[in-house]
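See structure below.
In the text below, chain A, chain B and the rest are named by the order of the sequence lines, each starting its count at 1.
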Protein chains: 2
Amino acid sequence: MILKSQVEWALHCCAILAGLPEGRYLSTKALAELHGLPKEYLSKALQSLSQASLVETTLGPSGGYRLARAPSEVNFLEIVEAVEGKARSFTCTNIRENNPCRPAGYCDSKPCAVARIMWEADEAWRETLRRVRLSDLVGTLSEEVPPDIWRDTFEWVLKRAG
Amino acid sequence: MILKSQVEWALHCCAILAGLPEGRYLSTKALAELHGLPKEYLSKALQSLSQASLVETTLGPSGGYRLARAPSEVNFLEIVEAVEGKARSFTCTNIRENNPCRPAGYCDSKPCAVARIMWEADEAWRETLRRVRLSDLVGTLSEEVPPDIWRDTFEWVLKRAG
DNA sequence: GAATTAAGGATATATGTTATCCGCAAATGG
DNA sequence: CCATTTGCGGATAACATATATCCTTAATTC
């Protein structure tokens with residue numbers, strides 16, 4: 001059970017977009033170069049963010065992506081689910097129905113007890129991600145990334161932002 | 001990010017083994033029939049439980065599996081990790097290192113901030129599973145499964161338990 | 001009008017899951 | 001001792017998904 005690498009990419013890209021000045025866009029090309037990622041494939045992850053309305057796009061030179069909302073209004077789960085999908089990690093195939101001792105046509109009143117527990121854990125995972133805002137990540141990064149690297153990176157970004 | 005179906009199988013099998021009288025064993029064949037699962041492949045899940053020392057085995061006719069510990073001493077996470085592995089669902093590939101603005105050879109003091117958040121969610125998932133004991137599942141099942149089905153099932157099981 | 005961009009379809013490759021089959025060694029019961 | 005049954009592990013195949021690339025189209029900029 002491993003998350004797509006696009007999840008990691010999307011989160012890092014959102015962190016960069018969060019630092020972009022109002023009204024400016026950053027292209028797939030720039031985001032791919034900055035993170036050392038395959039441009040064409042990263043594009044798929046960004047398209048997922050676009051379909052989830054987390055980012056806005058514009059075409060042409062100086063076009064690209066920007067956040068659709070303030071970083072404090074975007075949480076981790078939204079980004080993760082945009083790329084990974086909203087399906088639960090545990091899928092119940094109702095194998096209890098195969099029990100030869102069950103009367104034919106018997107109908108369960110509740111979902112399987114095993115599934116309920118697994119889904120509870122899944123929800124705990126989601127709730128943790130829901131509680132973390134994109135602005136929290138940016139705050140942590142601005143504290144931990146050495147100031148000169150932080151500055152150079154955004155100079156680099158601004159040079160490429162339309 | 002979807003768990004192996006073997007996780008579901010292992011949990012249901014452990015629930016059955018938990019109801020087995022002291023000192024008796026239940027074979028792969030019986031567990032596969034009871035749940036309507038492919039015997040050969042279910043065997044792999046049971047082997048995982050065996051390697052994790054969650055179950056004990058014995059060979060020959062009337063052989064099979066039994067729990068290595070009391071159901072109250074086994075939690076969900078142990079079973080899940082036995083078949084799914086202990087690897088975290090999020091793998092950090094450290095794409096921040098590809099940042100062209102980083103000085104060559106610069107070394108990070110902490111793991112990536114993105115990874116730390118994703119790992120925190122992963123831990124919340126694990127902690128939820130860690131808190132649920134196998135005996136809790138059996139308790140829920142004994143309340144929810146209709147008494148006649150419950151009784152018939154364990155009669156069926158005992159007829160096949162060595 | 002030329003260049004650049006996002007979007008999406010088609011396709012190829014790699015990896016992982018699901019599933020089956022086989023041989024081996026251990027245990028059972030006759 | 002012998003036939004049967006069992007768990008175990010290796011080998012292999014079928015299938016699904018993730019990863020990656022290429023191409024066309026339409027919109028936008030300069």
Side-chain angles (χ1 to χ4, degrees), chain A residues 1-10 13 17 23-33 35-68 82-85 87 89-91 93 95 160-162, chain B residues 1-10 13 17 23-33 35-68 82-85 87 89-91 93 95 160-162:
Chain A
M1 187 197 54
I2 291 180
L3 290 164
K4 302 181 193 175
S5 55
Q6 290 190 347
V7 170
E8 180 185 16
W9 304 356
C13 287
L17 294 180
R24 305 188 66 178
Y25 294 87
L26 195 60
S27 70
T28 306
K29 183 161 174 264
L31 287 165
E33 282 179 20
H35 296 113
L37 301 174
K39 176 171 103 78
E40 313 275 359
Y41 193 34
L42 172 63
S43 168
K44 303 295 184 185
L46 298 172
Q47 285 174 41
S48 297
L49 296 178
S50 177
Q51 286 179 336
S53 300
L54 291 175
V55 297
E56 291 171 349
T57 68
T58 194
L59 291 175
S62 82
Y65 296 88
R66 73 177 177 197
L67 287 183
V83 175
E84 189 66 35
S89 60
F90 181 86
T91 53
T93 60
I95 60 178
R160 286 156 182 85
Chain B
M1 187 195 55
I2 292 181
L3 290 164
K4 302 181 192 174
S5 54
Q6 289 190 347
V7 170
E8 181 185 13
W9 304 355
C13 287
L17 294 181
R24 305 188 66 178
Y25 294 86
L26 195 60
S27 70
T28 306
K29 183 160 174 266
L31 287 166
E33 281 178 22
H35 295 113
L37 301 174
K39 176 171 104 73
E40 313 275 358
Y41 193 34
L42 172 63
S43 168
K44 302 296 183 184
L46 298 173
Q47 285 174 40
S48 297
L49 295 178
S50 177
Q51 286 179 335
S53 300
L54 292 175
V55 297
E56 290 171 351
T57 68
T58 192
L59 290 175
S62 81
Y65 296 88
R66 71 177 179 198
L67 286 184
V83 303
E84 188 66 37
S89 60
F90 180 87
T91 52
T93 60
I95 60 179
R160 286 155 182 85

Considering every strand and a 4.0 Å limit on heavy-atom distances, what is the contact class for [X]: base, sugar-phosphate, or nothing?
X       : value
S5(A)   : sugar-phosphate
Y25(A)  : nothing
G162(A) : nothing
E56(A)  : nothing

Check if the side chain of K29(B) and the base of dG7(D) share a donor-acceptor pair of N or O atoms closer than 3.5 Å. no
Between the base of dG10(D) and the side chain of K44(B), is there a donor-acceptor distance below 3.5 Å? yes
Between [X] and [N], is there a contact of a side-chain N or O with OP1 or OP2 at under 4.0 Å?
X      : N       : value
Q51(B) : dG9(D)  : yes
Y41(A) : dG8(C)  : no
T57(B) : dC8(D)  : yes
Q6(B)  : dT17(C) : no
S50(A) : dA7(C)  : yes
T28(B) : dG7(D)  : yes

When the distance from CG of L31(B) to P of dG7(D) is rounded to whole Å, what number comes out? 9 Å
Identify which nucleotide among dA27(C), dG8(C), dT28(D) has an atom closest to any side-chain atom of Q47(A), counting heavy atoms from C-beta outward. dG8(C)
